[in-house]
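Everything quoted here is computed from the prediction, not taken from an experiment.
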Amino acid sequence: MSVVFVAAAQLPTPFAIFTMHGFRDETSGKEHVALTLGDVADGQPVLGRLHSECLTGDALFSLRCDCGAQLEAALRAIAAEGRGVLLYLRQEGRGIGLLNKIRAYELQDGGADTVEANERLGFAADQRDYAICQPMLDHLGISAIRLMTNNPRKVNALQGFGVRVAERVPLQVGENLHNKLYLATKAGKLGHMLGLQHQGEIE
Ligand SMILES: Nc1nc2c(ncn2[C@@H]2O[C@H](COP(=O)(O)OP(=O)(O)OP(=O)(O)O)[C@@H](O)[C@H]2O)c(=O)[nH]1
Ligand SMILES: [Zn+2]
């Protein structure tokens, strides 16, 4: 995996002053970022999040999904703990890219759910590959994580390349009138652990 570290700098935010580490994937040309707080290389499980890019939700306040709320909640949780990591992965639209995600939204406006829309465009429901996380976590000295996610694929992917997931921390925020079908499709078709039965679950 050809992901290389390029530079690190401070990133002051409303929540904490993080250290921002920049990486380049030399295969895809994508530029990824890790935000860390505190000593994450001490061997103890680190509160962490793998966050896939969602320009619409993370930066443009979209209510079609829950991404913006999850990003903020994850950063707040890391700040409250004084220690943690967030990998901001440039896998826009579950890996199909921004313009294809807008095409998918167009189909969704016509009645398709998020999975059907991807499939009609000739894509898999979820095209993300989390292998890029391994060199980033290695660089940061992180081998064990308490992962903030509702997505079992992220847990399996980390375990698959030898990162210990000490705990899955549910991240159920950002439900609104506009993303009810999106969240229902995540739970029904993509296996996300959403709903009351999964709140507070420890794996
Ligand atoms: N193709 C497609 N991608 C979407 C749609 N809505 C959101 N996304 C993308 O879905 C991804 C969501 O990323 P995450 O929040 O990290 O992951 P997740 O699978 O929801 O899992 P969690 O860790 O539980 O949040 C982002 O890349 C979004 O751009 C959609 O309708 N179609
Ligand atoms: Zn989103």
Side-chain angles (χ1 to χ4, degrees), residues 25 28 30 32 47-75 77 86-134 145-161 163 165-203:
D25 180 340
S28 67
K30 294 254 168 81
H32 306 286
L47 183 63
R49 167 133 183 100
L50 314 182
H51 192 86
S52 304
E53 179 177 17
C54 177
L55 180 87
T56 46
D58 297 338
L60 300 177
F61 309 98
S62 171
L63 297 178
R64 293 189 77 123
C65 57
D66 55 352
C67 303
Q70 287 185 313
L71 178 61
E72 181 172 337
L75 292 178
L86 181 136
L87 301 191
Y88 193 86
L89 306 168
R90 312 297 298 282
Q91 310 168 307
E92 173 61 68
R94 297 193 193 114
I96 68 175
L98 177 63
L99 298 182
N100 285 321
K101 186 173 81 169
I102 297 173
R103 288 193 177 102
Y105 279 167
E106 200 172 78
L107 293 172
Q108 290 169 36
D109 288 346
D113 69 31
T114 56
V115 169
E116 292 162 351
N118 260 36
E119 288 170 351
R120 275 191 222 168
L121 291 169
F123 299 113
D126 190 342
Q127 305 221 143
R128 285 174 286 182
D129 178 359
Y130 296 100
I132 47 175
C133 302
Q134 185 175 20
I145 283 197
R146 290 162 44 228
L147 189 66
M148 293 182 274
T149 188
N150 311 312
N151 184 347
R153 292 179 196 212
K154 292 183 180 176
V155 176
N156 293 338
L158 286 180
Q159 288 172 336
F161 51 76
V163 174
V165 181
E167 185 185 345
R168 181 186 73 86
V169 181
L171 195 58
Q172 294 186 219
V173 290
E175 189 177 340
N176 67 66
L177 278 178
H178 305 276
N179 66 13
K180 285 196 183 308
L181 177 61
Y182 169 79
L183 293 176
T185 306
K186 270 194 188 187
K189 290 191 173 178
L190 293 171
H192 283 60
M193 296 171 279
L194 295 167
L196 286 176
Q197 74 274 23
H198 294 299
Q199 277 172 7
E201 177 182 320
I202 295 177
E203 316 259 287

Could you check if a side-chain atom of Leu158 sits within less than 4.5 angstrom of a side-chain atom of Phe161, using non-hydrogen atoms only? yes

For Ala73, check side chain to side chain contact (heavy atoms under 4.5 Å, CB included) against everything at least two apart and list the hits. Leu171, Val173

Compare every heavy atom of Met148 with every heavy atom of Ala77, then report the nearest pair and how far apart it is. CB-SD, 3.9 Å

Between Val165 and Val155 the two heavy atoms that sit nearest each other are CG2-O, 4.0 Å

Ignoring hydrogens and geometry, is there a side-chain-to-backbone donor-acceptor pair from Gln91 to Asp129 under 3.5 Å? yes

Report yes if some heavy atom in the side chain of Cys133 is under 4.5 Å from a heavy atom in the side chain of His32; otherwise report no. no

Can you list everything that forms a salt bridge (charged side-chain N to carboxylate O under 4.0 Å, His left out) with Asp58? Sequence neighbours excluded, please. none

Going by heavy atoms in the side chains, are Lys186 and Asp66 under 4.5 Å from each other? yes

With sequence neighbours excluded, what pairs up with Arg90 under the salt bridge (charged side-chain N to carboxylate O under 4.0 Å, His left out) test? Glu53

How far apart are the closest heavy atoms of Arg94 and Ala125, and which atoms are they? CD-O, 3.7 Å

If a pair satisfies salt bridge (Lys or Arg N to Asp or Glu O under 4.0 Å) and one of its residues is in residues 99-115, list it, with sequence neighbours excluded. Arg64-Asp109, Glu92-Lys101, Asp113-Lys189

Would a distance-only check, ignoring hydrogens and angles, find a side-chain to backbone donor-acceptor pair under 3.5 Å from Asn100 to Gly97? no

Side chain proximity check, Asn156 to Tyr130, heavy atoms < 4.5 angstrom: no

Apply the side-chain contact (heavy atoms from CB on, under 4.5 Å) test between Ile132 and each candidate in Leu50, Asp25, Leu87; give the one that qualifies. Asp25

Could you measure the distance from the SG atom of Cys54 to the CG atom of Leu60? Nearest 0.5 Å is fine. 8.5 Å

State, yes or no, whether a side-chain contact exists between Met193 and Arg168 at a heavy-atom distance under 4.5 Å. yes

Has Asn118 got a side-chain atom pairing as donor or acceptor with Ala124's backbone, closer than 3.5 angstrom? yes

Provide the closest heavy-atom pair for Leu86 versus Ala74 in the form atom of the first, atom of the second, distance. CD1-CB, 4.0 Å

State, yes or no, whether a side-chain contact exists between Thr185 and Gln108 at a heavy-atom distance under 4.5 Å. no

Is any side-chain heavy atom of Ile145 closer than 4.5 Å to one of Arg49? no

Under the rule for salt bridge (charged side-chain N to carboxylate O under 4.0 Å, His left out), what residues qualify as partners of Glu119, not counting sequence neighbours? none

Interatomic distance, OH@Tyr182 vs CG@Leu63, rounded to 0.5 Å, equals 12.5 Å

Under the salt bridge (charged side-chain N to carboxylate O under 4.0 Å, His left out) test, residues paired with Lys154 that sit two or more places apart: none

